[in-house]
Amino acid sequence: MTDTYCPECKMFTEVVSDHSAGDTVCSECGLVLEAHSIDETSEWRTFANESADNDPVRVGGPSNPLLADGGLSTIISKPSNDFISSSLGRWQSRGSNPDGSLILAFKTIATMCDRLGLVATIKDRANEIYKKVEDQKPLKGRNQDAILAACIYIACRQEDKPRTVKEICSVANGATKKEIGRAKEYIVKQLEVEMGQSMEMGTIHAGDFLRRFCSHLGMTNQAVKAAQEAVQLSEKLDIRRSPISIAAAVIYMITQLSDDKKLLKDISLATGVAEGTIRNSYKDLYPYASRIIPSSYAMEEDLSNLCSP
């Protein structure tokens, strides 16, 4: 029971909800405060995955404005003991669905996003990007998996949640980094033609990847905070390295000053950056160690423990 203001009692009182009638009743005077309210909770718990085709849910998914029918089309089931219904279902399946390829592409994008742990806004943005490109020019003859992966990469950039091409490649069903790169350039070109202006992709910073990389390596909170501060300070330096390489080099530098040192190959595996690239980036950052590593994490004399590049 919850407290609600009752105009009859002229005070806040406890109310009782009658779910069968949809009424909200004051427990003090019995006044019906709200009648025929709609219960928006589910009717029952769903065990569709356990009960095969016996899912009792009578409603479909939400509407999708990217599809011609809004994603609200009717599908006729094909029961084995009803000749008429079975025939209708068979004839419907033979008919062409203009959104068939889109639905399949959206399902693939959703699967890739789930494997990467991406939020729904990025998935929706990737769907929009694919729909725009598909409407402007057919994608037949192109690597479909690379196109879908490139849509996700662009969506991540636009939503300020970038992922590395190697991370995208890991869920791209066999598409290579080169194929995804070419697909990204093709999509950007097509969208720029449609908009008539350059496409905003968002700026990548080393800090966008840092926390995720640190999590993969199991670093302590203190080390993560020190690495974040070091990355922010490194952006003020003239280090001409990619943000991912700088993030990997900072992690290597921070872990060398802690008791839980990380091997270079482990950092390379977690970040997707080659060991040689991490060494070169570390070599560029090493002269500025005293400027970027916070004093709360390591004192000046502690920096002598850093290995020479």
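Remember, it's a predicted structure, so these values are computed and weren't measured experimentally.
Applying the side chain to side chain contact (heavy atoms under 4.5 Å, CB included) test to L269 and every residue at least two apart in sequence or in another chain returns nothing.
Atom CD of residue E229 and atom OH of residue Y297 lie 12.0 Å apart, to the nearest 0.5 angstrom. Between atom CG of residue D284 and atom CD1 of residue I246 there is a gap of 8.5 Å, rounded to the nearest 0.5 Å. With rounding to the nearest 0.5 angstrom, the CD atom of Q144 is 7.5 Å from the CG atom of L104. Rounding to the nearest 0.5 Å gives a distance of 8.0 Å between CG of L217 and OG1 of T255. To the nearest 0.5 Å, atoms NZ (K184) and CD1 (I180) are separated by 11.0 Å. The structure places CG of L285 at 11.5 Å from CZ of R291, a figure rounded to the nearest 0.5 Å.
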Which is it for L102 and Y130 under the side chain to side chain contact (heavy atoms under 4.5 Å, CB included) test, yes or no, and what are the steps along the way? CA-CA 9 Å; L102 273 180; Y130 179 82; 3.6 Å; yes
Walk me through it: do D160 and D208 pass the test side chain to side chain contact (heavy atoms under 4.5 Å, CB included)? CA-CA 8 Å; D160 294 327; D208 296 331; over 6 Å; no
Side chain to side chain contact (heavy atoms under 4.5 Å, CB included), that's the test. Do I154 and I187 meet it? Break it down for me. CA-CA 9 Å; I154 296 172; I187 292 172; 3.7 Å; yes
Begin from the C-alpha positions of F209 and R163 and carry the test side chain to side chain contact (heavy atoms under 4.5 Å, CB included) through to its verdict. CA-CA 7 Å; F209 309 96; R163 291 294 189 274; 5.6 Å; no
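A donor-acceptor contact shorter than 3.5 Å is absent between the side chain of D135 and the backbone of K132. Judged by distance alone, with hydrogens and angles left aside, the side-chain atoms of S215 form no donor-acceptor pair with the main-chain N or O of R212 at under 3.5 Å. The closest donor-acceptor contact from the side chain of S281 to the backbone of T277 lies under 3.5 Å. The closest donor-acceptor contact from the side chain of S27 to the backbone of E14 lies under 3.5 Å. Side chain of S268 to backbone of V273: a donor-acceptor contact under 3.5 angstrom is found.
The pair E275-R279 meets the salt-bridge criterion, since a charged nitrogen lies less than 4.0 angstrom from a carboxylate oxygen.
Taking the side chain as every heavy atom from C-beta outward, R241 and N280 approach each other to under 4.5 Å. A 4.5 Å side-chain heavy-atom check between T271 and I278 finds at least one atom pair inside the cut-off. T4 is not listed as a side-chain neighbour of T24, based on a closest heavy-atom distance of 4.5 Å or more. Under the 4.5 Å side-chain criterion, counting only non-hydrogen atoms from C-beta, T220 is not in contact with S258. Residues C169 and T164 have side chains not in contact (no heavy-atom distance under 4.5 Å, counting atoms from C-beta outward). When side chains are defined from C-beta on, V250 counts as touching I254, because their heavy atoms get closer than 4.5 Å. Residues L306 and Y286 meet the side-chain proximity criterion, which asks for heavy atoms closer than 4.5 Å. No side-chain heavy atom of K161 sits less than 4.5 Å from a side-chain heavy atom of V119.
The nearest pair of heavy atoms linking S296 to Q222 is O-NE2, 4.3 Å. Summarising the geometry of D145 relative to A172, their closest heavy-atom pair is CB-O, 3.3 Å, with the distance given to 0.1 Å. Across all non-hydrogen atoms, the minimal contact from C156 to L118 is SG-CD1, 3.8 Å. The nearest pair of heavy atoms linking C26 to C6 is SG-SG, 3.8 Å. Contact record, E235 with A206: OE2-N, 4.2 Å, taken as the closest heavy-atom pair. Closest approach of M112 to V171, counting heavy atoms only: CG-O, 3.4 Å.
Hydrophobic cluster membership differs between V15 and V25, with clusters built from Ile, Leu, Val, Met, Phe, Trp and Tyr side chains linked at under 4.5 angstrom. Residues M253 and L237 are members of one and the same hydrophobic cluster, defined by side-chain heavy-atom contacts under 4.5 angstrom among Ile, Leu, Val, Met, Phe, Trp and Tyr.
At most 12 heavy atoms of other shown residues, nucleotides or ligands fall within 6.0 angstrom of atom NZ in K283. Taking a 6.0 Å sphere around CZ of R182, one finds it holds 12 or fewer heavy atoms contributed by other residues, nucleotides or ligands. Within a 6.0 Å radius of NZ in K262, more than 12 heavy atoms belonging to other residues, nucleotides or ligands are found.
For the side chain to side chain contact (heavy atoms under 4.5 Å, CB included) criterion with F213, the lone passing option out of V224, I267, I244 is I244. When the options L233, I293, D238, I239 are evaluated for a side chain to side chain contact (heavy atoms under 4.5 Å, CB included) with Y288, the one that passes is I239.
Within the structure, ring pair (Phe, Tyr, Trp, His ring centres under 6.0 Å) contacts touching residues 244-270 (residues at least two apart or in different chains) are Y252-Y282.
A donor-acceptor contact closer than 3.5 angstrom links the side chains of Y153 and R157.
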